[in-house]
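In what follows, a single structure is set out as structure tokens and then discussed.
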Amino acid sequence: MDAGADVCVVSVHKMGAGFEQGSVFHLQGDLVDATRLSACADLLMTTSPNVMVYPALDGWRRQMAEHGHDLFSAELELADYLRGRLAEIPDVKVLHDELLGAEASCDLDTTQILMDISATATSGYQAADWLREHQHIDLGMSDHRRVLATMSFADDKLTADRLVDAMTQWRQAATTFERPPAIQLPSPEELQLETVCLPRDAFFGPTEMVPAADAAGRVAAEQITPYPPGIPAVVPGERLNDAVIDYLRSGVEAGMTLPDPADQSAQQFRVVA
């Protein structure tokens, strides 16, 4: 908003430690009509919201107004300490400003600690599973070569050192891991699937399930969202290609999660009949 946006949405359940589903609009200036914005939100919102979300939002707002500067200053200082400690672990690369200036990026949230562990010859999926099972630590996100530790102002040196200790023990254990399956990553151009019909027509029309080997060239009738990054690779109405199919199948074999397709193993795809 300080950069001049007229309206934005903040997920308080992420940065503000609020309840899940708690998000707020920030509005300034006179280009966006507040009444119309509220009416648009009402089109999508439930008429029976969880009332606990609302007092949690008010509590967050008061906490940020009274203590936000001190809380986040301490969090940023702790994040710098934690980044330095994690960077000392062999073959763990703590990413910093490598992506700044590329595409739409302009700055870095240092409380999101992204680590490239590909030099260990193990995957982020393996690391996340090991940390959950042996250290009772859940990471913010993991993929075939990275893990993400998400901090909040609730963290302190105790939780930071616990993560460092857990990652150090994981690094020692990782020498015994089996080499993970490779993911066949498509190019950005191959990810841009051709839209051949309206999503509603593909989704609500006659459909059938076909084996992955026969799915290329067919029109998808479902959404497929690999997590991470949690962005759809396929939406209804797009024509499937071999590159995306191979990406999804190899990703599942390596540990990727597909929460939304009919067949979450990516052995079959729902397509327009």
Side-chain angles (χ1 to χ4, degrees), residues 13-15 17 72-102 105 107-186 225-231 246-259 264-266:
H13 65 267
K14 294 181 180 178
M15 297 303 297
F72 280 109
S73 295
E75 181 183 354
L76 290 170
E77 183 177 340
L78 182 65
D80 288 340
Y81 162 79
L82 183 54
R83 284 172 165 272
R85 291 290 310 278
L86 291 170
E88 297 172 357
I89 300 175
D91 301 317
V92 172
K93 181 181 181 182
V94 179
L95 299 178
H96 189 69
D97 57 1
E98 289 86 348
L99 301 179
L100 292 188
S105 63
D107 207 344
L108 177 72
D109 176 6
T110 57
T111 66
Q112 304 286 334
I113 304 176
L114 185 62
M115 294 165 274
D116 188 329
I117 63 170
S118 56
T120 67
T122 63
S123 73
Y125 301 123
Q126 292 173 305
D129 289 343
W130 190 92
L131 289 168
R132 182 181 299 113
E133 179 179 354
H134 296 279
Q135 299 293 323
H136 306 294
I137 288 178
D138 275 319
L139 293 172
M141 197 174 291
S142 60
D143 68 8
H144 64 291
R145 61 178 295 165
R146 289 164 288 255
V147 293
L148 177 72
T150 299
M151 300 183 65
S152 78
F153 55 74
D155 282 298
D156 55 21
K157 191 172 183 298
L158 181 65
T159 63
D161 288 342
R162 184 182 171 206
L163 177 61
V164 173
D165 181 63
M167 289 292 294
T168 301
Q169 294 187 50
W170 156 79
R171 183 63 191 99
Q172 296 170 349
T175 59
T176 65
F177 291 1
E178 294 184 4
R179 193 171 185 88
I183 293 184
Q184 300 180 43
L185 293 172
T225 308
Y227 187 87
I231 298 171
D246 292 342
Y247 161 56
L248 296 172
R249 293 186 66 188
S250 61
V252 169
E253 292 176 1
M256 175 194 293
T257 299
L258 301 179
Q264 296 180 352
S265 70

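Just the heavy atoms: all of them, side chains too, but no hydrogens, waters or symmetry mates, feed the values below.
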Output a table of donor-acceptor pairs, distance under 3.5 Å, between side-chain atoms of residues 140-149 and any protein atom two or more places apart or on a different chain; print 'none' if there are none.
from: Asp143; atom 1: OD1; to: Arg145; atom 2: N; distance (Å): 2.9
from: Asp143; atom 1: OD1; to: Arg146; atom 2: N; distance (Å): 2.6
from: Asp143; atom 1: OD2; to: Arg146; atom 2: NE; distance (Å): 3.0
from: Asp143; atom 1: OD2; to: Arg146; atom 2: NH2; distance (Å): 2.9
from: Arg145; atom 1: NE; to: Asp116; atom 2: OD2; distance (Å): 3.2
from: Arg145; atom 1: NH2; to: Asp116; atom 2: OD2; distance (Å): 2.7
from: Arg145; atom 1: NH2; to: Ser118; atom 2: OG; distance (Å): 3.1

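- Proximity of a side-chain donor or acceptor of Ser152 to a complementary backbone N or O of Ala154 within less than 3.5 Å is detected.
- Taking each heavy atom of Thr150 and Asp155 in turn, the nearest pair found is O-OD2, 4.4 Å.
- Atoms CZ and OG1, from Arg85 and Thr168 in turn, are 7.0 Å apart once rounded to the nearest 0.5 Å.
- The CD1 atom of Ile137 lies 6.0 Å from the CG atom of Leu131; values are rounded to the nearest 0.5 Å.
- Contact annotation: the side chain of Glu98 approaches that of His96 to within less than 4.5 Å [non-hydrogen atoms, C-beta and beyond].
- Sorted by first and then second residue, the salt bridge (charged side-chain N to carboxylate O under 4.0 Å, His left out) pairs with a member in residues 131-140 read Asp129-Arg132, Arg132-Asp138; sequence neighbours excluded.
- Scanning both residues, Leu258 and Ala266, for their nearest heavy atoms gives CD1-CB, 4.0 Å.
- A search for side chain to side chain contact (heavy atoms under 4.5 Å, CB included) contacts involving Leu100 returns Asp97, Leu108, not counting sequence neighbours.
- Legend: salt bridge (charged side-chain N to carboxylate O under 4.0 Å, His left out) pairs involving residues 170-181, not counting sequence neighbours, sorted by first then second residue: Asp91-Arg171.
- Separation of atoms CG (Leu163) and CG (Leu158) is listed at 11.5 Å; rounding is to 0.5 Å.
- Of all non-hydrogen atoms in Pro180 and Ala121, the two that sit nearest each other are CD-O, 3.3 Å.
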Stepwise side chain to side chain contact (heavy atoms under 4.5 Å, CB included) check, Arg83 with Met151: CA-CA 11 Å; Arg83 284 172 165 272; Met151 300 183 65; over 6 Å; no
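- Applying the side chain to side chain contact (heavy atoms under 4.5 Å, CB included) criterion to Ala160, with sequence neighbours excluded, gives Leu78, Tyr81, Leu82.
- Note that CG of Leu95 is 12.5 Å distant from CD of Gln112, once rounded to the nearest 0.5 Å.
- Here the OH-CG distance, from Tyr125 to Leu139, works out to 13.0 Å after rounding to the nearest 0.5 Å.
- In this structure, Ile231 and Pro226 approach most closely via the heavy-atom pair O-CD, 3.7 Å.
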Side chain to side chain contact (heavy atoms under 4.5 Å, CB included) evaluation trace for Trp170 with Thr122: CA-CA 11 Å; Trp170 156 79; Thr122 63; 3.8 Å; yes
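- Aromatic ring pairs are classed by plane angle as parallel below 30°, tilted from 30° to 60° and perpendicular above 60°; the pair Phe153 and Phe72 is perpendicular.
- Of all heavy-atom pairs between Ala87 and Val94, the closest is N-CG2, 3.7 Å.
- Taking the side chain to side chain contact (heavy atoms under 4.5 Å, CB included) definition, one finds that Glu253 meets it with nothing, sequence neighbours left out.
- Counting only heavy atoms from C-beta outward, the side chains of Asp165 and Gln169 approach each other to under 4.5 Å.
- If you take OG1 on Thr111 and CG on Asp80, they are separated by 10.5 Å, rounding to the nearest 0.5 Å.
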